[in-house]
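Here the structure is laid out as structure tokens; the discussion comes afterwards.
Each ligand, and each atom within it, is numbered from 1 in the order the structure gives.
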Amino acid sequence: MRAMSIDRLKGEEKLGKNVYDDHGSILLTAGTKVSDKYVDKLKLKGYIQVYVEDEVSGGIEVDDMLREKTRRQSRQEIKQQFNNYLDKKDIDIERIMKCVDQIMDEILSSKEIIFNINDIRTKDEYTYAHSVNVCVLAVTVGAHMNINMNRLKELAIGAILHDVGKIFVPHEILNKAGKLNDAEFDFMKKHPKLGYDILNQKPQITPISKNIVLMHHEKMNGTGYPLAVESAQIHQLTRLVTVCDMYDAMTSDRPYRKAMKAYEVIEYLTHLSTTELDREMVDAFRRFVAPYPSGVIVRLNNGHKAIVALQNKDMLTRPIVRVYEDEKGNKLMSTYEIDLKKNLTIFINETLDE
Ligand SMILES: [Fe+2]
């Protein structure tokens, strides 16, 4: 199975997983052939990608860590609670905590706790999907740190609520297609403090979760906002959320730029780990977030085309790939797999949008 953009469907693929609507009801079941009429239905619901089982991807497992149903319900809950605050000046923390418990349960019960997802994106309002993704990333990486469950939950709550202050930022600024001007950026820079002020009224939220919300845009070298503090004052778990936040933002399509690929963003974050980001957190992130998720199509350095079949969990940069096309673009009569961890002269040059 693999993730495929709706625009690339030929009408012969079968769905690899159930597709849900925002309320968690099944829209289409796994195994359904995605004919044109279904493509229209999916587009109408805001889907831009689906999991399909096709000739190339047969038998490849994609562990999405979180059931799609849970992911959608969590987004809805975040949206509902953020809007509640705007309408009634209240936010139901218990309901958000329930979501976080469910997210943590699902991630912690996955076979190998690595982030191996070519995330299925919809055109949902960005902030809600982003909040859930950052939570999933933070819990995935945090689960490998030597912290107890209570601490992990504080991390998860801070992560899912990190951008709650954006409810006060006007739509025109959040979704501006170009670069923000000074006045707009000044407004944007207020969102961490605005979010902190909302949560400060809530005794159930611990100081660490509040610190995450207040400081997720602070940088190790003091160039962040809103306080421009230096590393010593930024909690370790906040530094992790900063890395997860940047990763998810950069791998998402935004009105002002296209999404970057996972491996490109990971390289970029590594570069920033000498200045703005915490090196230790970036290192942990690299160990547990796959730069070439299973099901992604790649071009190898010998020109062959392959699909990522399985991760080597102790070396995510060198997965096992299934080669299906030669350097001239001819489909192979029979595919074969190469373990890049054992064949060190072969490596991945790029991932392809196919
Ligand atoms: Fe933010």
**Report entry** Identified ring pair (Phe, Tyr, Trp, His ring centres under 6.0 Å) counterpart of Tyr247 within the set Tyr263, Tyr268, Phe285
**Finding:** Phe285
**Report entry** Polar protein atoms (N, O or S) that approach the Fe ion (ligand 1) to under 2.8 Å
**Finding:** Asp163 OD1, His191 NE2, His216 NE2, His217 NE2
Query raised in the report: Above 12 or not: heavy atoms from other molecules or residues under 6.0 Å from NZ of Lys313?
Result: no
**Report entry** Side-chain heavy atoms of Val100 within contact of Glu154, under 4.5 Å
**Finding:** no
Query raised in the report: How close do Asp245 and His217 get, heavy atom to heavy atom, and via which atoms?
Result: OD2-CE1, 3.7 Å
Report task. Answer whether the closest heavy-atom distance between the side chains of Leu108 and Leu152 falls below 4.5 Å. Result -> yes
Query - Asn83: side chain to side chain donor-acceptor pair (under 3.5 Å) partners, not counting sequence neighbours - result: none
